[in-house]
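To keep things clear, I will list the structure first and then write my remarks on it.
These figures come from a predicted structure and were not determined experimentally.
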Amino acid sequence: FWSCSTLIDTAGTTSGGETMAIKGTVEYPDGKPVKDAAVIMRTSDYLSKISAKSLPRRSVSRINTTTDDKGGFTIDSVDAGDYVIEVNDGDGKAVLIKTELDSQDNSVTLPAAELAENGSVSGTVSVPPAVNDAWVQVYGLERLAEIDMGDGSFSIQLPEGNYTLRFVADSDRVPAV
C-alpha cells in the first residue's frame, strides 16, 4: 500500500529493572540545531485514543520534552521496551527514531538525527454501510485521521519512516484491521 524508508534504528539497555535515560540530538539538514522542538515518545504498540475530544483534530500529542538550544533532549525514567520517538519542529519537519531498550545500561545516547519535511500518507478504504465514522490510527505515534465517509479517503502527515496503520470503525459489527 505505501512505504517510506529511512529511520534510525538503535539498541540500548538498562540495569536490573531500573529505569534509564534516553539522550539524543537533532539538527536541520544544514547542520543547525533544532531548538525548542517537541520530542514525543510512545511505546511501539501505542495507539492514539479515539474520543469525542480528539476527533476534530488530525493530530493529537502530548509533549514529553523539548529540544534545548543545541538540539539536544533527554527523556528520563524509561523502562526497557520498544519505543518510537518523534521530534517535530511544528513547522512541517520531523524525524522518526525507533529504538529498542533492554536492561543492561542506565543511559542510552542515540545517534544524531536530521529533520526532514513530513510526508503525506493517503489512501481509500471501503467502508461498510453500517459504519457512521471511521479512523486511521498509526502505531507508536499520536496520530489519528478521520476517514471521509463519502468516498472512504484519508490523509495523514507523518515523518519519513515505516508504519503500521490500524483502521477503526464506530461499529461493533466491524472489527479493527
message: Could you check whether any side-chain heavy atom of Ser44 comes within less than 4.5 Å of a side-chain heavy atom of Val84, counting everything from C-beta outward?
response: yes

- prompt: Honestly curious: do Leu141 and Ile147 fall in one hydrophobic cluster under the side-chain, below-4.5 Å linking rule?
  reply: yes

- prompt: With distance as the sole test, does Thr67 use its side chain to make a donor-acceptor pair with the main-chain N or O of Asp36 at under 3.5 Å?
  reply: yes

- request: State, with a plain yes or no, whether a side-chain heavy atom of Lys98 is found less than 4.5 Å away from one of Asp82.
  value: no

message: Side-chain heavy atoms nearer than 4.5 Å, only ILVMFWY residues, links allowed to pass through others: does that put Val121 and Val136 together?
response: yes

- line: Separation between CD1 (Ile22) and OG1 (Thr74), nearest 0.5 Å, reads 10.0 Å

message: Given 3.5 Å as the limit, does a donor-acceptor pair link the side chain of Glu86 with the main chain of Ile40, or not?
response: no

message: Could you measure the distance from the OG atom of Ser155 to the CD atom of Glu146? Nearest 0.5 Å is fine.
response: 13.0 Å

- prompt: If you take all heavy atoms of Ala134 and Met149, which pair is closest and at what distance?
  reply: N-SD, 3.8 Å

query: Do you know which two heavy atoms are closest between Leu115 and Lys93, and how far apart they sit?
result: CD2-O, 3.7 Å

message: So, taking the atom named CD in Gln137 and the one named CD in Glu142, what distance separates them when rounded to the nearest 0.5 Å?
response: 10.5 Å

- prompt: Is a donor on one side and an acceptor on the other found under 3.5 Å between the side chain of Arg166 and the backbone of Tyr139?
  reply: no

message: Testing the basics here: between Trp135 and Ile50, what is the closest heavy-atom pair and its distance to 0.1 Å?
response: CE3-CD1, 3.7 Å

query: Looking at CG of Leu110 and CD1 of Ile75, how far apart are the two atoms once the value is rounded to the nearest 0.5 Å?
result: 8.0 Å

message: Using the rule given for side chain to side chain contact (heavy atoms under 4.5 Å, CB included), can you reason through Asn118 versus Asn88, listing the C-alpha separation, both sets of side-chain angles and the distance that settles it, and then say yes or no?
response: CA-CA 9 Å; Asn118 280 331; Asn88 191 319; 4.3 Å; yes

field: Euclidean distance, Glu114 CD relative to Asp30 CG, rounded to 0.5 Å
entry: 8.5 Å

message: To check you understand the geometry: which heavy-atom pair defines the closest contact between Val131 and Asp170, and what is its length?
response: CG1-OD1, 3.7 Å

task: Write down the atom of Arg143, the atom of Gln157, and the distance for their closest heavy-atom approach.
output: NE-O, 3.0 Å

- prompt: Between Met20 and Leu101, what is the shortest heavy-atom contact and its length?
  reply: SD-CD1, 3.4 Å

- request: State yes or no: do Val87 and Tyr83 share one hydrophobic cluster built from I, L, V, M, F, W and Y residues joined by side-chain heavy-atom distances below 4.5 Å, directly or via other members?
  value: yes

query: Is any side-chain heavy atom of Phe73 closer than 4.5 Å to a side-chain heavy atom of Asp68?
result: no

- request: Find out if a path of hydrophobic residues (ILVMFWY) with successive side-chain heavy-atom gaps under 4.5 Å connects Tyr163 to Leu47.
  value: no

query: Can Ser107 and Lys23 be said to form a side chain to side chain contact (heavy atoms under 4.5 Å, CB included), step by step?
result: CA-CA 8 Å; Ser107 179; Lys23 298 176 182 184; 3.9 Å; yes

Close side-chain approach of Val39 to Val26, heavy-atom, < 4.5 Å: no

